[in-house]
Amino acid sequence: MLSVKENSPVEFSPELLTKFGEIVKRYPEGKQKSALLPLLHEVQAVFGWLSPDAMDKVAYFLNIKPIEVYEVATFYTMYFLEKKGKYNLEVCRTGPCCLVGAEKIMHHIEQTLGVREGEVTPDGLFSWRGVECLAACGYGPVLQIGPEYTFYENLTEQSVDSLIETLKNKA
Amino acid sequence: MGRTLLLTHINVPGIQGFEVYRQTGGYRSVEKALKTMSPDDVVEEVKKSGLRGRGGAGFPTGMKWSFLAKPEGVARYLVCNADESEPGTFKDRYLMTHIPHALIEGMIVSSFALGAKTSYIYVRGEMMPQIRILEKAIAEAKNAGFLGDNILGTGYSLEIYVQPGGGAYICGEETALLESLEGKRGNPRIKPPFPAVAGLYGCPTVVNNVESIAATVPIINDGGEEYAKIGIERSTGTKLISAGGNVKRPGVYEIELGVPVEEFIYSDEYCGGIANGKKLKAVVAGGSSVPILPANLILKTASGAPRLMTYESLADGGFQTGTMMGSGGFIAFDEDQCVVRNTWNFTRFYRHESCGQCSPCREGTGWMEKILYKIEHGLGTQSDIDLLWDVQKNIEGNTICPLGDAAAWPVAAAIRHFRDEFEWHIQNPSESQTRNFGLAHYADPLVQTVD
Ligand SMILES: Cc1cc2nc3c(=O)[nH]c(=O)nc-3n(C[C@H](O)[C@H](O)[C@H](O)COP(=O)(O)O)c2cc1C
Ligand code: SF4
């Protein structure tokens, strides 16, 4: 369900609109709605989440109804309908990763960041959540960070600590 | 060493790029197919090879291709299923990361066979790095004249596009995938019509797994009959198995179909045994959806024959004592792992991933998760086990798509083979609550461990 907690008006840059145009060309005439998922990824990569205004503008660009965008944005887990931390740590929580310690890693991240799943740290830098199988079961526990979905494998509490440290210093 | 067809050159430096891939014999199948064969010849070779779909269902690929409707003036599509989300499965990611051109080459040959002029590779959205790799490989192939207009001067033209998903397991189901590719929610379609008649944009469409498509390359290079010589009976060729869980050497292995399960687990060529000197307790052999088997039944069939890595042998005994090849996601559990906890985890996964169209799946997965949570956390009663059995039975076979079955089977198998572990949780509530994460501090009396 789409629950609008906040809205923020967005402006799509000419570069972004050019990219949109390129993507739409992948599909036959009249089937531009196929571009919806890729476009939402592009928008989220720029703004960090999908505000209602951003979704409406995507609908306008694709010449479809806003509800068609909301439907999709609420169905798929990768789209954020609210702001996340600058670094959103997504840890695999499915069976195979749990066999090799994913639950411990999530617990450790929760303790270290001091926020619960889905919450953002007060400085806005971090948030985290458990996600379903990332098709990396042989390298578990694993986590990913968007928008490029960089992958961190064979996690230990130590490697999580140093990752968080590195990201803090980068920010 | 077993024979390999897909991963032969995996360790050659630079194999991810076009030049090196080409030097190792890459794109020969495109030259051969487009210049010396008709589309029907290609379909015929794939039929002869006996190749069975590597996405999970094991349907013969050549036969699937021959069902494709070919009305005049209507576009036909090949869509590659690279959604890879079945827990335990990570072979397609491996192939696309390390030898992306093997998939692109297979896409060209397969598209030619089907008469597709536009093809899509639907990759799960989380695999953004792999999407970039594939896009680069497509650009390289196009640059070298293997894609685009009038390929190699043969008059055949093809474009391949990569489509990202949005993070939803259900989009691996082929009709949900097509809905998603059309820019909609991933709700599976009611069949018929099948995609071969009305698929993408209502046009005839073939959906194939990454590995199935890559396998067409050696089939065209060496001929379908050569391919069929590898393997046993109706399990021909090689198969990528992704091994995870508590094995010593997790990873992706290409096996000749027919390797004994025992060899696969214990030989140093493959998994190298169970990690940390532990004993094997159970195996989920083909991704989270297939029935879990205790160690004794995965190593030997009920009749005492060694169990082999083939479609037939893994299924020997039906669901009473057997399992399925599935997607090749091989998950090993050591003696410390808790079957109840894992079943709860998998059920939570299916509840989360149910698209919600069918009541038995939508409601049933939620009920099963709740009951399993209770049992796992020491709040269960004896009658919960029967209730759980009842719920799973009422999901199976009563839904639009097979996700309902996929959610029911693991629960049924866990109760069938590990009932006393469920009972233990109910009889020892305090211990089941104070346990460490994921650990069961008792040995399962059912399991015959192997040294
Ligand atoms: C819930 C569900 C998830 C599936 N996920 C995948 C998947 O991630 N990858 C895949 O290739 N097939 C998946 N399949 C199987 C596809 O529906 C389809 O059978 C397959 O892509 C056909 O390709 P193949 O014949 O080459 O195996 C899934 C099926 C179901 C019911
Ligand atoms: S079985 Fe489940 S996932 Fe499949 S269509 Fe029905 S509700 Fe959706």
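Model, not experiment: these values are computed from the prediction. The sequence lines fix the lettering, A, B, ..., with proteins before strands; numbering per chain opens at 1.
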Is any side-chain heavy atom of [Y] closer than 4.5 Å to one of [X]?
X: B:Ser180; Y: A:Leu37; result: yes
X: A:Glu132; Y: B:Arg348; result: yes
X: A:Pro38; Y: B:Pro164; result: yes
X: B:Lys184; Y: A:Glu68; result: no
X: B:Asn187; Y: A:Phe75; result: yes
X: A:Ser34; Y: B:Tyr201; result: yes
X: A:Pro96; Y: B:Phe333; result: no

Let me know if [X] has heavy atoms under 4.5 Å from chain A in its side chain, its backbone, both or neither.
X: B:Tyr94; result: side chain
X: B:Ala332; result: backbone
X: B:Ile131; result: neither
X: B:Phe346; result: side chain
X: B:Thr343; result: neither
X: B:Arg185; result: both
X: B:Arg124; result: side chain
X: B:Glu353; result: side chain
X: B:Ser242; result: neither
X: B:Tyr77; result: side chain

Please report the shortest heavy-atom distance between [X] and [Y], naming the atom on each side.
X: A:Cys137; Y: B:Pro87; value: SG-C, 4.5 Å
X: A:Tyr76; Y: B:Gly166; value: CB-O, 3.1 Å
X: B:Gly88; Y: A:Cys133; value: N-SG, 4.0 Å
X: A:Leu134; Y: B:Arg93; value: O-NH2, 2.6 Å

Between A:Thr77 and B:His352, is the side chain to side chain contact (heavy atoms under 4.5 Å, CB included) condition met? List the steps. CA-CA 10 Å; A:Thr77 57; B:His352 183 262; 3.8 Å; yes

Hey, are A:Glu148 and B:Arg132 close enough for a salt bridge, meaning a charged N less than 4.0 Å from a carboxylate O?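 Looking at A:Glu148 and B:Arg132, the cut-off is met.
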
Residues A:Arg26, B:Glu159: salt bridge by 4.0 Å N-O rule: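 Answer for the salt bridge query: no.
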
Between B:Ser288, B:Ala75, B:Gly125, which residue shows the highest count of heavy-atom pairs closer than 4.5 Å to chain A?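 Top count of heavy-atom pairs under 4.5 Å with chain A: B:Gly125.
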
Using a 4.5 angstrom heavy-atom cutoff, name the option from B:Asn342, B:Asn246, B:Asp92 with the most pairs to chain A.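 Option with the top pair count is B:Asn246.
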
Output yes when a side-chain donor or acceptor of B:Asn345 lies under 3.5 Å from a complementary backbone atom of A:Gly95, and no otherwise.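 It does hold such a pair.
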
Does any N or O in the side chain of A:His41 come within less than 3.5 Å of the main-chain N or O of B:Gly165, such that one atom is a donor and the other an acceptor?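 Yes, because the side chain of A:His41 sits within donor-acceptor range (under 3.5 Å) of the backbone of B:Gly165.
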
Can you tell me which of A:Leu99, A:Ile23, A:Leu40, A:Val69 forms the most heavy-atom pairs within a distance under 4.5 Å of chain B?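 Highest number of pairs under 4.5 Å: A:Leu99.
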
Return the CZ to SG distance between B:Arg341 and A:Cys98, rounded to the nearest 0.5 Å.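 Taking CZ in B:Arg341 and SG in A:Cys98, the distance rounds to 7.0 Å.
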
Which portion of A:Gln144 sits near chain B, non-hydrogen atoms under 4.5 angstrom: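 Just its side chain gets close to chain B.
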
Counting neighbours of CG on A:Asn63 that are heavy atoms of other residues, nucleotides or ligands and sit closer than 6.0 Å, is the number greater than 12?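 No.
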
Looking only at side-chain N and O atoms, does A:Tyr27 offer a donor or acceptor that is under 3.5 Å from a partner on B:Glu182?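 No pair is found: no donor N or O on one side chain lies under 3.5 Å from an acceptor on the other.
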
Pairs involving residues 138-171 of chain A, ordered by first then second residue, that meet ring-ring contact (aromatic ring centres under 6.0 Å, His included) (sequence neighbours left out):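 Output for this query lists A:Tyr139-B:Phe90.
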
